[in-house]
Amino acid sequence: MPEGHTIHRLARDLNKDLAGHDVTASSPQGRFAAGAARLHGEKMVKVDAWGKHLFCGFASGQVLHIHLGLIGKFRRKKLPAPEPTDTVRLRLVGDVAAWDLTGPYLCAVITDDDRQEVTAKLGPDPLRATGVRAVAAAREDFGARLARRRVAIGAALLDQKIIAGIGNVYRAEILFLLGIDPRRPANSLDEAEVNAIWDLTSVQLGQGVRLNRIVTVDPAEAGVKSAGRLKRADALYAYKREGLPCRRCGTEIEIMKIANRSMWACPTCQK
DNA sequence: CGATTATGATTAA
DNA sequence: TAATCCTAATCGC
């Protein structure tokens, strides 16, 4: 489930549960025993997300850097925490709840300098830009990064150096919603299209954080009261819908390969 | 109960 | 482009 919205939601939930508390850290699976030992008993100060990267800052100055990758999960457990499964790489326990990390692509204790090195390599994250000024600056940065690339826009949106936080679902959905053919070169988009991608990504990822899942279909279009009410099968326009009729025009959704991953698009709605 | 698949990203070829 | 890492839900038999 991890695209940018998942990570920002985790940052929010972890802040609520663990920030300001001393935590106990352990690695039931064993692979992160040394890291857990370094964090054990430390006070977590603040959790922060940038794209798909999660950073948990500690009073000691240590930073827990987590990337969930494709299959990683960070799950909340009520106290008293149940016996951990043998795949739990890291368990953090605070005063309010416990959190179990499984299958991360990356889990390491780093310094704040390391963290800055990591984020310096990432493109702007629409969920980080707040305020009119910051939004305008980030959006312009995004446009400049796109303009330098002639790869397909469908590939560019997956490139975390261009924009941080979009994954395979959102890239398909955002390009569908804006009627953009995913094969068009990134540097062929005009300013209005670039701005529209940035703004829509902000809105969609923001909704993803709120709902804690990806819903892009307009609830009014689907005849329900709110996006949260949409069932899994009705929540998306393009992703994994090859061969099915486009919800807008009825044309069969196509599947293609872009940047080594499956991509879905409506040949009629996306020119 | 085994095979398949996945909303990720890097490394090797 | 393909192989690789990690886990767990789902699906077909």
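Chain letters run A, B, ... following the sequence lines, proteins first, then strands; residues in each count from 1.
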Base-pairing assignment for B:dA3 (Watson-Crick or G-U wobble, both under 3.5 Å): C:dT10
Pair assignment for B:dA12, Watson-Crick or G-U wobble, requiring both distances under 3.5 Å: C:dT1
Using the [atom1] atom as the reference point in each nucleotide, state the distance between [N] and [M] in Å, no decimals.
N	M	atom1	value
B:dC1	C:dC6	P	24 Å
C:dA9	B:dA9	P	22 Å
B:dT10	C:dA8	P	23 Å

Nearest-neighbour nucleotide for the A:R232 side chain, B:dG8, C:dT7, C:dT10 considered: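 Closest nucleotide to the A:R232 side chain: C:dT10.
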Just call it for [X]: base, sugar-phosphate, or nothing, with non-hydrogen atoms closer than 4.0 Å on any strand.
X	answer
A:N260	base
A:R171	nothing
A:Q29	sugar-phosphate
A:K240	sugar-phosphate
A:K52	sugar-phosphate

Ion pair check, A:R76 and A:D13, cut-off under 4.0 Å: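 Judged by the 4.0 Å cut-off on N to carboxylate O distance, A:R76 and A:D13 do not form a salt bridge.
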Any A:R261 side-chain nitrogen or oxygen under 4.0 Å from OP1 or OP2 of B:dA6: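 Negative; the distance criterion is not met.
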Whether A:H65 and A:F55 hold their rings parallel, tilted or perpendicular, with breakpoints at 30° and 60°: parallel
Distance-only polar pair, side chains of A:T111 and A:D114, donor-acceptor under 3.5 Å: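 Yes, a side-chain donor-acceptor pair sits under 3.5 Å.
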